[in-house]
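The structure that follows is given in the form of structure tokens.
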Amino acid sequence: MNAFTYSYPTKVYFGEKAAEKHLPAELAKVGPNVLLAYGGGSIKRNGIYDELLCILKDAGKTVTEFTGIMPNPTYAKVQEGAALAREKNIDFILAVGGGSVIDCCKIVSAQALTEDDIWSLEYEKHGAPDSFIPMGAVVTAFGTGAEMNNGAVITNNEKMQKSPLWGAFYSFAILDPVYTMTMPMQQVISGAFDSLSHSMETYMGSPREVNYADEINEATQRNIIRNIRKTLGAPNDLQARSELLWAAAMAENGMLKIGKTTDFQCHMLEHQLGAYTDCNHGQGLAVIHPALYRHMLSEATGQFARMATEVWGVSPEGKSEAELAKAFVDALAAFIREIGLPTTFSEMRISSDTDFKAIADSTILTGGCAKRFTKEELLEVLLECK
Ligand code: NZQ
Ligand code: ZN
């Protein structure tokens with residue numbers, strides 16, 4: 001096992017009416033000027049906005065709204081939020097939404113307090129921001145687990161890069177499963193598949209022998225698979241939503257990564273697909289995963305074989321390790337079809353004229369992946385997904 005330090009900075013309030021019960025006490029700890037950040041307006045339609053605004057007003061806060069944070073948030077949007085936060089002398093950011101809003105605010109909170117350009121600070125000077133406006137998150141869409149980590153995935157349109165930036169941890173996160181009930185079913189499924197992908201990408205890291213975190217990971221994957229099926233069968237099942245909401249946080253809050261160097265090659269490739277096409281993250285992963293994994297069958301045989309038996313319930317009887325590994329990839333591909341996720345880029349309406357070579361060439365190659373991919377082979381994978 002790799003050496004590790006463990007501590008957790010984000011306090012989670014999970015359950016129905018969590019905002020009503022816990023937000024007032026959290027707001028009492030912060031300054032008067034609050035930036036209320038959200039996306040394209042779903043929170044206005046489902047009543048979450050009214051509820052939170054009421055709590056903010058009762059707490060005596062002066063509220064500035066930062067709106068229109070788009071799925072796949074851009075670096076330009078980060079700069080807009082940072083300028084607003086500076087102008088309004090913001091003491092605290094309340095981010096309300098899914099991964100996009102939550103990620104955008106992580107970098108707003110840093111950019112607002114420095115003259116340094118965060119992108120060049122992190123990618124050119126190899127530094128990291130060290131002061132942040134404190135933040136709280138109210139999760140309305142599950143999947144990314146962004147509320148419990150300090151990574152933010154931001155699209156820099158000038159550089160044609162969708163890449164992780166390191167920002168602040170949220171001091172608290174409110175996870176009310178009722179808030180997620182209005183998510184469109186397509187987003188429920190692509191979000192939950194993203195959580196499954198995070199678990200697999202972590203499992204597939206190194207060292208390659210199974211450790212304690214991997215065994216929790218296997219249970220997390222089984223849970224996500226079961227509850228995706230349950231939610232598709234019964235969209236109003238609050239219990240299944242609750243499970244998906246917490247499993248999403250668990251899959252990306254670092255717990256499953258303890259003692260490991262993670263893989264995340266599929267994510268790096270999908271992020272660049274996103275930079276060039278602005279596609280939905282979970283859908284992009286669903287198309288790429290089976291194709292990428294078929295290229296790794298001989299390097300990742302043991303880990304794939306174990307996922308076949310421990311996650312997908314494939315009987316090992318009479319099967320070689322290589323056959324089990326292939327059975328895992330087949331089971332994953334069949335599940336993606338079963339739950340209605342796309343299996344090709346054309347189903348995602350990604351044009352066949354997309355510059356796939358530029359996408360492959362600009363993809364970060366990860367150290368934890370069982371296979372050392374070349375850019376040429378990543379291009380082959382992308383072309384197989386068309
Ligand atoms: O913008 P609004 O109007 O709010 O609508 C959103 C958006 O259109 C809608 N939505 C959210 N909650 C809703 C709702 N609609 C109805 N009812 C609700 N309760 O859902 C749409 C998608 O939201 P978004 O935040 O974009 O989705 P998601 O949570 O999947 O986040 C995706 C972003 O997170 C990044 C992705 O790359 C992508 O940019 N990721 C962040 C990670 C992290 N920080 O740990 C890890 C991931 O691997 C991922 O890369
Ligand atoms: Zn993801």
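Read the numbers this way: they start at 1 and go in the same order the structure lists the ligands and their atoms. Just so it is clear, the structure is predicted and the values come from calculations on it, not from any experiment.
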*Quiz item: cation-pi between K44 and Y49, 6.0 Å / 45°*: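 Yes.
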*Distance-only donor-acceptor check, side chains Q187 and N280, under 3.5 Å*: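 Looking only at side-chain atoms, N280 and Q187 do form a donor-acceptor pair, the distance falling under 3.5 Å.
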_One residue to check: I43. Relative to ligand 1, which of side chain, backbone, both or neither has a non-hydrogen atom less than 4.0 Å away?_
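Neither; no heavy atom under 4.0 Å.
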_Charged tip of K260 within 45° of Y203 ring normal and under 6.0 Å_ = yes
*Report the member of A152, A248, S42 with the shortest heavy-atom distance to atom 13 (C) of ligand 1.*
S42
*I would like to know whether R306 and D214 meet salt bridge (charged side-chain N to carboxylate O under 4.0 Å, His left out); could you show each step before the answer?*
CA-CA 11 Å; R306 187 167 163 114; D214 290 330; over 6 Å; no
*Which ligand 1 atoms does P184 reach within 4.0 Å, using its non-hydrogen atoms?*
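With P184 as reference, the close atoms of ligand 1 come out as 15 (N), 16 (C).
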*Judged by non-hydrogen atoms, does G41 sit under 4.0 Å from ligand 1?*
yes
*Is the closest heavy-atom distance from S190 to ligand 1 below 4.0 Å?*
no
*asked:* Tell me whether ligand 1 is touched by G143 - counting only heavy atoms on the residue side and a distance under 4.0 Å.
replied: no
*Looking at P73, which atoms of ligand 1 are within less than 4.0 Å of one of its heavy atoms?*
39 (O)
*For ligand 1, which atoms sit closer than 4.0 Å to a heavy atom of N46?*
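Per the distance check, 17 (N), 18 (C), 19 (N).
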*asked:* Check contact between G151 and ligand 1, using heavy atoms of the residue and a distance below 4.0 angstrom.
replied: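 Checking ligand 1 against G151, which is what was asked, there is a heavy-atom contact under 4.0 Å.
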*Using non-hydrogen atoms of the residue, decide whether N72 is closer than 4.0 angstrom to ligand 1.*
yes
*Have a look at V188, D103, I69 and point out the one with the heavy atom closest to atom 44 (N) of ligand 1.*
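Going through V188, D103, I69 one by one, D103 has the nearest heavy atom to atom 44 (N) of ligand 1.
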*What's the shortest distance from atom 8 (O) of ligand 1 to any protein heavy atom, and which residue and atom give it?*
P71 CG, 3.9 Å
*Counting heavy atoms only, which of K106, Q187, H281, M70 is nearest atom 49 (C) of ligand 1?*
H281
*Just which atoms of ligand 1 are under 4.0 Å from any heavy atom in H267?*
48 (O)
*Any side-chain donor-acceptor pair under 3.5 Å between Y123 and Q161?*
no
*Would you mind checking which non-hydrogen protein atom is closest to atom 18 (C) of ligand 1, with the distance to 0.1 Å?*
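Scanning the protein heavy atoms, the shortest distance from atom 18 (C) of ligand 1 goes to T182 OG1, 3.5 Å.
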*Does some non-hydrogen atom of M181 fall short of 4.0 Å from ligand 1?*
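Checking ligand 1 against M181, which is what was asked, there is no heavy-atom contact under 4.0 Å.
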*What protein heavy atom sits nearest atom 37 (O) of ligand 1, and how far away is it?*
K162 NZ, 2.8 Å
*Which residue and non-hydrogen atom of the protein lie closest to atom 1 (O) of ligand 1, and at what distance in Å?*
G40 N, 2.7 Å
*Could you list which atoms of ligand 1 come closer than 4.0 Å to a heavy atom of T140?*
11 (C), 12 (N), 13 (C), 18 (C), 19 (N)
*Using heavy atoms and a threshold below 4.0 Å, how should the contact between Y38 and ligand 1 be classified: side chain, backbone, both, or neither?*
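Contact part for Y38 vs ligand 1: neither.
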*Taking both backbone and side chain into account, is any N, O or S atom of D194 nearer than 2.8 Å to the Zn ion (ligand 2)?*
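Yes, within the cut-off.
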*Taking only heavy atoms of Y179, which atoms of ligand 1 are found under 4.0 Å from at least one of them?*
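Near Y179, the atoms of ligand 1 are 19 (N).
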*Of all the atoms in ligand 1, which lie at a distance below 4.0 Å from a heavy atom belonging to H198?*
46 (C), 47 (C), 48 (O)
*asked:* Could you tell me, atom by atom, which parts of ligand 1 come under 4.0 Å of a heavy atom of G98?
replied: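 Close to G98: 25 (O), 29 (O).
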*Quick one: nearest non-hydrogen protein atom to atom 33 (C) of ligand 1, plus distance?*
S100 OG, 3.4 Å
